[in-house]
Amino acid sequence: DRPQDMYPKYRRELEARMKSGLFNQIGTFCIDSVTTLSDVMFPWGEMRVIGQGKTTGPTNSDADIRSVYGECQTELFRIFRRILSFPCDFIVTAHPDEKEQKARKAVSPQLIGRKKDVLVLFNEIYYLEVIDDKEGNTKRSLLIDSDGQFTAGSRLNNKRQLDIRQAPD
């Protein structure tokens, strides 16, 4: 269900824009969302792993899933570090990892594989809370520090002087 050539096309376009100096001329670059990018990246990772001979299964033709995750995580790190080296701000959105939410209390952004190491690259990690009250009004707030369930953090709040829930204004 995921085209195998989609990520290579995305990667070529991103590389061309990096080389063109685009990221030196813009104020902010956003990837919306890294969850979707991971889904698009997965077939590329499978093909790389199969090409490296890391296969499993009865016919030895299936990509080793752990190797696919590792290949894709390494690629995300490479892309993010490269973009973070440019003078523009870099914003990444991600869906909450609902599998984590069902399995345990802590929830972090949904990325490819279980490892969340890529999060250490970012200064700010917010979680958007959306709550409908009894009257049917929707209230939103940004969680800027972990509340025991959701992963969040802000270096702006390193002295804990801010409320962990901030109005999105």
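Keep in mind that this is a model prediction, so the values were computed, not measured.
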**Residue pair K9, E13: steps toward the salt bridge (Lys or Arg N to Asp or Glu O under 4.0 Å) verdict** = CA-CA 6 Å; K9 288 178 183 176; E13 187 64 31; over 6 Å; no

**Message:** Within the 4.5 Å heavy-atom criterion, are S38 and L76 side-chain neighbours or not?
**Reply:** yes

**Asked** Is there a donor in the side chain of D64 and an acceptor in the side chain of T56, or the other way round, less than 3.5 Å apart?
**Response** no

**Asked** In terms of the angle between their ring planes, are F122 and F90 parallel, tilted or perpendicular, with boundaries placed at 30° and 60°?
**Response** tilted

**Request:** Return the minimal non-hydrogen interatomic distance between N24 and F86, and the atom names on each side.
**Result:** OD1-CD2, 3.7 Å

**Asked** CD1 of I79 to CD1 of I31: how many Å apart, nearest 0.5 Å?
**Response** 6.5 Å

**Asked** Do you know which two heavy atoms are closest between V68 and A63, and how far apart they sit?
**Response** CG2-CB, 3.7 Å

**Message:** Assess the residue pair R160 and D145 against the criterion (side chain to side chain contact (heavy atoms under 4.5 Å, CB included)); give the C-alpha distance rounded to whole Å, side-chain angles, the decisive distance to 0.1 Å, and a yes or no.
**Reply:** CA-CA 9 Å; R160 305 290 185 248; D145 201 356; 3.2 Å; yes

**Request:** Would you check if there is a donor-acceptor pair between the side chains of Y126 and Q166 at a distance under 3.5 Å?
**Result:** no

**Complete:** Here the gap from I91 atom CD1 to I83 atom CD1, rounded to the nearest 0.5 Å, amounts to 12.5 Å

**Message:** Determine whether a donor-acceptor pair (N or O, by modelled atom type, separation under 3.5 Å) exists between the side chain of D132 and the backbone of G136.
**Reply:** no

**Item:** Sequence neighbours excluded, every pair satisfying side-chain hydrogen bond (donor to acceptor under 3.5 Å, both in side chains) that has a member inside residues 43-53
**Value:** R48-E71, Q52-K54, Q52-E71

**Prompt:** Atom CG of L37 and atom OG1 of T93: how far apart are they, to the nearest 0.5 Å?
**Reply:** 10.5 Å

**Message:** I'd like to know if M41 and F29 are part of one continuous hydrophobic network [Ile/Leu/Val/Met/Phe/Trp/Tyr, side-chain heavy atoms within less than 4.5 Å].
**Reply:** yes

**Fill in**
OG of S33 to CG of D39, rounded to nearest 0.5 Å, is 8.0 Å

**Request:** Would you mind reporting whether E124 and I144 have side-chain heavy atoms less than 4.5 Å apart?
**Result:** no

**Prompt:** Same cluster or not: are L14 and I26 linked, directly or through other Ile, Leu, Val, Met, Phe, Trp or Tyr residues, by side-chain heavy atoms under 4.5 angstrom apart?
**Reply:** yes

**For T138 against R140, the heavy-atom pair lying closest together** = CG2-NH1, 3.7 Å

**Request:** Find out if a path of hydrophobic residues (ILVMFWY) with successive side-chain heavy-atom gaps under 4.5 Å connects I65 to I50.
**Result:** no

**Which atom of C72 lies closest to which atom of G45, heavy atoms considered** = SG-CA, 3.9 Å

**Pairing residues for R82 by the side-chain hydrogen bond (donor to acceptor under 3.5 Å, both in side chains) criterion, not counting sequence neighbours** = E15

**Item:** Under 3.5 Å: donor-acceptor pair, side chain of S146, backbone of G148
**Value:** no

**Request:** Answer yes or no: is there a side-chain heavy-atom contact under 4.5 Å between Y127 and E129?
**Result:** yes

**Fill in**
Taken to the nearest 0.5 Å, the spacing of D62 CG from T55 OG1 works out to 8.0 Å

**Item:** Single-linkage hydrophobic cluster M47~F42, side-chain heavy atoms < 4.5 angstrom
**Value:** no

**Message:** For R66, I'd like to know if atom CZ has over 12 heavy atoms of other residues, nucleotides or ligands within 6.0 Å.
**Reply:** no

**Item:** Lys/Arg-Asp/Glu bridge criterion (N-O < 4.0 Å) met for R165, D147
**Value:** yes

**Asked** Going hydrophobic residue to hydrophobic residue with side-chain gaps under 4.5 angstrom, can you get from I125 over to L121?
**Response** yes

